[in-house]
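Model, not experiment: these values are computed from the prediction.
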Amino acid sequence: MTLKNIIVVEDEAAIAEAVRARLSSEGYRVRVAHDGPEAILAVDDDRPDLVVRDLMLPGMDGLEVCREIQRKEWIPVLMLTARTEEADKVAGFAVGADDYLTKPFSMRELTARVRAIIRRMERIQDMTSGDSVVRLDLTVDAARRRVLRGIDEVPLTPLEFEILLTLARSPGVVMSRDQLMDRVWGYRDYAGGRVVDSHVARIRRKLGDEAAEPKYIRTVHGVGYAFKEDGAGR
């Protein structure tokens, strides 16, 4: 079995070493970078399976680091942040992060998140077949991992694709945020609703799907989301 490569980007030496030691003990190959420029060089050198990075970094903002990491190809990113403001987390998702942990966090929780992300990526990479789902003018091609709106391709990250495919396969079925966390992320937590909401909002923007007048994904207030059935009203 090939070892999975993880790059940990953290400027606090004690935290960086603790994370490195724990992930190494779990069987991952771990490289540590202490600032933004070092992180970008490490990603270029190793093309890791996952980046675990602090949101606050010296030399280059963590959001800019994430943007640079995703510029060539999509790599899953787990944010570590001491910030509690929702806007900071949403900004992280906007530049390609998958999920976040708020400091202080337990190493047990960190390893659970890392395992779930790695499992999801393995599942995506192993998926070589699957039926296309056609809803309205939207085609969600499971085999080719792409989305077409009419003839135009919609650029979704693998995680966004998984969310859309999960909803589109069951039109009209309301899925709670916890159900989406279970099916797509592979775990759930107390903050899961905010993570789901942020990613669904990004999918909607890319599809040109206005929440007030949804064509594809409707919000069921207090519950979750559903892909609209053909011809269904709001």
Visitor: Can you find a heavy atom in the side chain of Val51 that is under 4.5 Å from one in the side chain of Val65?
Guide: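 When only atoms from C-beta onward are counted, Val65 and Val51 do not touch, as no gap falls below 4.5 Å.
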Visitor: To the nearest 0.5 Å, how far apart are CG in Asp182 and OG1 in Thr166?
Guide: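 Spacing of CG (Asp182) from OG1 (Thr166) equals 11.5 Å.
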Visitor: Side-chain contact test, heavy atoms from C-beta onward, threshold under 4.5 Å: evaluate it for Leu101 versus Glu109 and give yes or no.
Guide: yes
Visitor: Same cluster or not: Val173 versus Val223, using hydrophobic residues (I, L, V, M, F, W, Y) connected whenever any side-chain heavy atoms lie under 4.5 Å apart?
Guide: no
Visitor: Output yes when a side-chain donor or acceptor of Gln70 lies under 3.5 Å from a complementary backbone atom of Cys66, and no otherwise.
Guide: no
Visitor: side-chain contact (heavy atoms from CB on, under 4.5 Å), that's the test. Do Val195 and Tyr100 meet it? Break it down for me.
Guide: CA-CA 8 Å; Val195 176; Tyr100 70 90; 3.6 Å; yes
Visitor: Can you tell me how far the NZ atom of Lys228 sits from the CG atom of Leu138, to the nearest 0.5 Å?
Guide: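 Going from NZ on Lys228 over to CG on Leu138, the span is 13.0 Å.
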Visitor: Given side-chain hydrogen bond (donor to acceptor under 3.5 Å, both in side chains), test Ser106 with Arg22 step by step and report yes or no.
Guide: CA-CA 11 Å; Ser106 72; Arg22 181 56 183 261; over 6 Å; no
Visitor: Might you point out which heavy atoms bring Val32 and Ala16 nearest each other, and give the distance in Å?
Guide: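 Shortest heavy-atom separation between Val32 and Ala16 comes out as CG1-CB, 3.9 Å.
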Visitor: Under the side-chain contact (heavy atoms from CB on, under 4.5 Å) criterion, do Val9 and Val52 qualify, and how do the steps go?
Guide: CA-CA 6 Å; Val9 189; Val52 179; over 6 Å; no
Visitor: To the nearest 0.5 Å, what is the distance between CG on Leu136 and CZ on Arg149?
Guide: 10.0 Å
Visitor: Please check if any side-chain donor atom of Arg204 sits under 3.5 Å from a side-chain acceptor atom of Thr219, or the reverse.
Guide: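 Present: a donor and an acceptor within the cut-off.
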Visitor: Might you point out which heavy atoms bring Leu23 and Val8 nearest each other, and give the distance in Å?
Guide: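 That would be CD1-CG2, 4.1 Å.
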Visitor: Starting at OG1 of Thr157, measure out to CG of Asp98 and round the result to the nearest 0.5 Å.
Guide: 6.5 Å
Visitor: Answer whether the closest heavy-atom distance between the side chains of Ile117 and Trp185 falls below 4.5 Å.
Guide: no
Visitor: Which atom pair, heavy atoms only, marks the closest approach of Ala168 to Val140?
Guide: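 What the structure gives for the nearest pair is CB-CG2, 4.3 Å.
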Visitor: Any salt bridge between Asp46 and Arg29, counting N to O under 4.0 Å?
Guide: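 A salt bridge is absent here (no side-chain N lies under 4.0 Å from a carboxylate O).
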Visitor: Are Glu162 and His199 close enough that some pair of their side-chain heavy atoms sits under 4.5 Å apart?
Guide: no
Visitor: On a heavy-atom basis, which atom in Leu165 and which in Ala142 lie closest, and how many Å separate them?
Guide: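 Leu165 and Ala142 have their closest heavy atoms at CD2-CB, 4.2 Å.
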Visitor: Within the 4.5 Å heavy-atom criterion, are Asp54 and Asp11 side-chain neighbours or not?
Guide: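 When only atoms from C-beta onward are counted, Asp11 and Asp54 do touch, with a gap below 4.5 Å.
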Visitor: Count the heavy atoms belonging to other residues, nucleotides or ligands that lie under 6.0 Å from CZ of Arg47, then report whether that count exceeds 12.
Guide: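 Counting neighbours around CZ of Arg47, more than 12 heavy atoms of other residues, nucleotides or ligands fall under 6.0 Å, so yes.
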Visitor: Just by distance, do the side chain of Gln179 and the backbone of Ser176 share a donor-acceptor pair under 3.5 Å?
Guide: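 Yes, the answer is positive, given that a donor and an acceptor are paired below the 3.5 Å cut-off.
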Visitor: Group every Ile, Leu, Val, Met, Phe, Trp and Tyr by side-chain heavy-atom contacts under 4.5 Å, then state whether Val30 and Leu41 land in the same group.
Guide: no
Visitor: May I have the step-by-step check of salt bridge (Lys or Arg N to Asp or Glu O under 4.0 Å) for Arg119 and Glu122, ending in yes or no?
Guide: CA-CA 5 Å; Arg119 282 197 303 267; Glu122 289 174 338; over 6 Å; no
Visitor: Between Leu164 and Leu156, is any pair of side-chain heavy atoms under 4.5 Å apart?
Guide: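 Touching, per the 4.5 Å side-chain cut-off.
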Visitor: Contact between Leu110 and Leu78 at the side-chain level, heavy atoms closer than 4.5 Å - yes or no?
Guide: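 They are in contact (side-chain heavy atoms under 4.5 Å apart), so the answer is yes.
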Visitor: Can you tell me how far CZ of Arg71 sits from CD1 of Ile40, rounded to the nearest 0.5 angstrom?
Guide: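 Separation between the atoms: 9.0 Å.
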Visitor: Answer with yes or no whether the hydrophobic clustering places Val154 together with Leu148; edges join I, L, V, M, F, W, Y residues whose side-chain heavy atoms lie under 4.5 Å apart.
Guide: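 Val154 does not cluster with Leu148.
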Visitor: Walk me through whether Arg20 and Arg31 qualify under side-chain contact (heavy atoms from CB on, under 4.5 Å).
Guide: CA-CA 7 Å; Arg20 185 206 63 76; Arg31 177 174 174 178; over 6 Å; no
Visitor: To the closest 0.5 Å, what do you measure between OH (Tyr28) and NZ (Lys4)?
Guide: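 So the OH of Tyr28 and the NZ of Lys4 are separated by 9.5 Å.
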Visitor: Identify whether the distance between the nearest side-chain nitrogen and carboxylate oxygen of Asp209 and Lys206 falls below 4.0 Å.
Guide: no
Visitor: I'd like to know if Ile203 and Val174 are part of one continuous hydrophobic network [Ile/Leu/Val/Met/Phe/Trp/Tyr, side-chain heavy atoms within less than 4.5 Å].
Guide: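 Unlinked, Val174 and Ile203 end up in two clusters.
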Visitor: Ile15 vs Glu17, test: side-chain contact (heavy atoms from CB on, under 4.5 Å). Steps then yes/no.
Guide: CA-CA 5 Å; Ile15 295 176; Glu17 175 54 25; over 6 Å; no
Visitor: Keeping Thr111 on the side-chain end and Arg108 on the backbone end, is there a donor-acceptor pair under 3.5 Å?
Guide: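 Yes.
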Visitor: Is the backbone of Glu12 close enough, under 3.5 Å, to the side chain of Glu10 for a donor and an acceptor to pair up by distance?
Guide: yes
Visitor: How about Tyr225 and Asp197: does a side-chain donor come under 3.5 Å of a side-chain acceptor?
Guide: yes
Visitor: Does one hydrophobic cluster hold both Val220 and Leu167, with members joined at side-chain heavy-atom distances below 4.5 Å?
Guide: no
Visitor: Please give me the minimum heavy-atom distance between Glu160 and Pro155, naming the atom from each residue.
Guide: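 Nearest pair, atom of Glu160 first, then Pro155: OE1-O, 4.4 Å.
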Visitor: With heavy-atom distances below 4.5 Å as the criterion, would you say the side chains of Ser132 and Asp141 are in contact?
Guide: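 A side-chain contact exists here, since the closest heavy-atom pair is under 4.5 Å.
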Visitor: If you look at every heavy atom in Ala18 and Met107, which pair is closest and at what distance?
Guide: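 Smallest interatomic distance, heavy atoms only, reads CB-CE, 3.6 Å.
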Visitor: Salt bridge check, Glu64 against Arg67: does any charged N sit closer than 4.0 Å to a carboxylate O?
Guide: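 Salt bridge: yes.
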